[in-house]
Protein chains: 2
Amino acid sequence: MSELPSPVSGTAPDTLDPHRKHIGPLEKECPVWAAINVLRGRWKPSILCEIVKQPQRYSDIRKALPHISAQTLTVQLRELEADGLVVRDVYAEVPVRVEYRLTPLAESLSEVMDELEQWGARYLQERAGSGH
Amino acid sequence: MSELPSPVSGTAPDTLDPHRKHIGPLEKECPVWAAINVLRGRWKPSILCEIVKQPQRYSDIRKALPHISAQTLTVQLRELEADGLVVRDVYAEVPVRVEYRLTPLAESLSEVMDELEQWGARYLQERAGSGH
DNA sequence: CGGAATCCTATTTGATACTG
DNA sequence: CAGTATCAAATAGGATTCCG
């Protein structure tokens with residue numbers, strides 16, 4: 001019986017970031033701020049929306065979001081991973097295949113993002129109507 | 001979760017302008033991003049949470065959020081005002097009294113913020129449990 | 001009281017080139 | 001394919017001082 005390449009979960013190389021440092025005292029006590037914060041990256045909502053459909057490879061995400069740079073995509077994926085929203089599966093093939101998928105925690109967030117999307121649509125509409 | 005109408009997805013002809021040199025503070029075509037963006041300021045969730053109880057004066061907000069500087073509070077209030085979330089009422093008294101209150105748009109946002117708060121609480125709990 | 005003006009630092013993102 | 005490394009630019013936020 002041949003073995004399928006089994007995914008090895010997570011833990012990207014530990015280049016722990018120059019980008020994420022201690023944010024501030026309010027963070028620990030404020031769930032709203034914590035939630036906003038995990039979505040704060042410029043491309044994170046888009047990234048999550050891409051891989052919610054199905055697990056995606058690094059290059060797939062780049063194709064879907066052509067304006068993000070490789071560096072930024074890497075950083076934001078690492079942060080999402082550190083925040084427990086994304087899992088990085090490495091398949092030991094040649095060439096190597098890496099897939100990113102959402103955790104259940106992130107799937108529950110995507111429901112909140114639906115609400116955010118609805119509110120954002122109203123917001124954009126009202127601003128357009130009042131000649132923003 | 002529905003799909004983000006974010007930069008270039010799928011098969012549609014690319015009518016999205018390639019003007020990527022200047023990405024404004026608001027991503028016009030992405031409601032989720034727009035919603036995140038109006039809450040993005042470091043103190044905006046806290047400010048809204050303060051005002052939602054009842055209209056508040058500038059100095060009241062400062063007392064409630066002692067770590068915010070006068071400058072930053074002013075800037076973030078102006079941004080919230082420009083975004084149509086906050087109304088600034090000036091009473092011609094001596095000394096002048098200024099009160100800030102939420103618009104209906106902001107009140108509908110506060111419901112979404114409740115969802116964000118619940119998700120944020122789960123997020124913080126899971127991270128605490130896994131030795132973040 | 002309720003800010004505005006100015007200066008300054010830290011964080012975030014992008015562009016470009018290179019690698020195992 | 002899936003990233004790193006480096007540099008540069010844009011932004012956000014804080015500290016301080018001054019004002020009607």
Side-chain angles (χ1 to χ4, degrees), chain A residues 5 7-8 10-27 33 36-47 51 55-81 86 88-100, chain B residues 7 18-27 33 36-47 55-63 65-81 86 88-100:
Chain A
V8 179
T11 39
D14 191 356
T15 52
L16 256 186
D17 51 288
H19 295 277
R20 171 175 300 267
K21 294 186 70 174
H22 185 53
I23 296 292
L26 190 64
E27 181 185 12
W33 174 252
I36 295 288
N37 220 31
V38 303
L39 290 173
R40 191 175 177 170
R42 172 69 183 80
W43 299 97
K44 285 179 185 175
S46 298
I47 291 169
I51 64 185
Q56 304 262 335
R57 305 178 63 165
Y58 182 89
S59 51
D60 294 331
I61 302 173
R62 289 211 69 186
K63 277 172 211 150
L65 308 172
H67 301 301
I68 191 173
S69 70
Q71 156 79 338
T72 302
L73 178 55
T74 299
V75 169
Q76 306 220 340
L77 281 171
R78 292 288 182 274
E79 289 178 358
L80 290 169
E81 196 187 352
V86 159
R88 182 171 179 268
D89 293 320
V90 181
Y91 297 85
E93 301 170 351
V94 179
V96 66
R97 178 162 58 100
V98 179
E99 280 187 358
Y100 294 91
Chain B
H19 70 315
R20 288 298 131 174
K21 296 307 176 186
H22 303 292
I23 297 177
L26 288 180
E27 186 75 68
W33 174 252
I36 295 286
N37 221 27
V38 302
L39 290 174
R40 193 175 175 175
R42 174 68 181 82
W43 300 97
K44 285 179 184 174
S46 299
I47 292 170
Q56 305 260 336
R57 303 178 64 166
Y58 182 88
S59 50
D60 294 332
I61 303 173
R62 289 212 69 186
K63 277 170 212 153
L65 307 172
H67 295 106
I68 189 172
S69 71
Q71 157 78 341
T72 302
L73 178 55
T74 298
V75 168
Q76 306 219 341
L77 281 171
R78 293 285 181 275
E79 289 176 358
L80 291 169
E81 199 186 347
V86 159
R88 183 173 178 267
D89 293 319
V90 181
Y91 297 87
E93 300 169 354
V94 179
V96 67
R97 179 163 58 98
V98 179
E99 281 189 358
Y100 294 90

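Residue numbers begin at 1 in each chain, while the letters A, B, ... track the order of the sequences.
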Kindly write out the residues that satisfy side-chain hydrogen bond (donor to acceptor under 3.5 Å, both in side chains) with B:Q71, not counting sequence neighbours, or none if the list is empty. none

Base, sugar-phosphate, or nothing for B:Y91, non-hydrogen atoms under 4.0 angstrom? nothing

Mind checking what makes side-chain hydrogen bond (donor to acceptor under 3.5 Å, both in side chains) contact with B:Q76, not counting sequence neighbours? none

Using a heavy-atom cut-off of 4.0 Å across all strands, would you classify B:R78 as base, sugar-phosphate, or nothing? sugar-phosphate

side-chain hydrogen bond (donor to acceptor under 3.5 Å, both in side chains) partners of A:Q56, counting only residues at least two apart: none

Starting at CG of A:L77 and ending at C1' of C:dT13, how long is that distance when rounded to a whole Å? 15 Å

Identify, between A:T74 and A:P95, the residue whose nearest nucleotide on DNA chain D lies closer to the 5' end. A:P95

Value in whole Å for how far the P atom of D:dG3 lies from NZ of A:K63: 14 Å

Which residues satisfy the salt bridge (charged side-chain N to carboxylate O under 4.0 Å, His left out) test with B:D89, sequence neighbours excluded? B:R101

Evaluate the side-chain proximity of B:V38 to B:K44: yes if any heavy-atom separation is below 4.5 Å, no if none is. no

Rounded to the Å, how far apart are A:E81 CD and D:dA2 P? 14 Å

Are there any protein N/O atoms within less than 3.5 Å of an N/O atom in nucleotides 13-17 of chain D, and if so, which ones and at what distance?
unit_1	atom_1	unit_2	atom_2	d
D:dG13	OP1	B:R42	N	2.5
D:dG13	OP2	B:Q76	NE2	2.9
D:dG14	OP1	B:W43	NE1	3.3
D:dG14	OP2	B:W43	NE1	3.3
D:dG14	OP2	B:T72	OG1	3.0

Starting at OH of B:Y58 and ending at P of C:dC1, how long is that distance when rounded to a whole Å? 11 Å

Would you classify B:R97 as touching base, sugar-phosphate or nothing, given that sugar-phosphate means primed atoms plus P, OP1 and OP2, and contacts are heavy atoms under 4.0 Å? sugar-phosphate

Within this structure, what is the CD-to-C1' distance between A:Q56 and D:dG3, rounded to whole angstrom? 18 Å

Residue set satisfying salt bridge (charged side-chain N to carboxylate O under 4.0 Å, His left out) with B:R57, at least two apart, ordered chain then number -> none

Rounded off to whole Å, could you give me the CD-to-C1' distance for the A:E93 and C:dG20 pair? 17 Å

Here the distance between atom P of D:dA2 and atom CZ of A:R88, to the nearest Å, is 10 Å

Protein-nucleotide distance (B:I47, atom CD1; C:dG3, atom P), rounded to Å: 12 Å

Minimum heavy-atom distance between B:E99 and B:P55, given as atom pair plus value: OE1-CB, 3.7 Å

Tell me whether the side-chain N/O atoms of A:Y100 come closer than 4.0 Å to OP1 or OP2 in D:dG3. yes

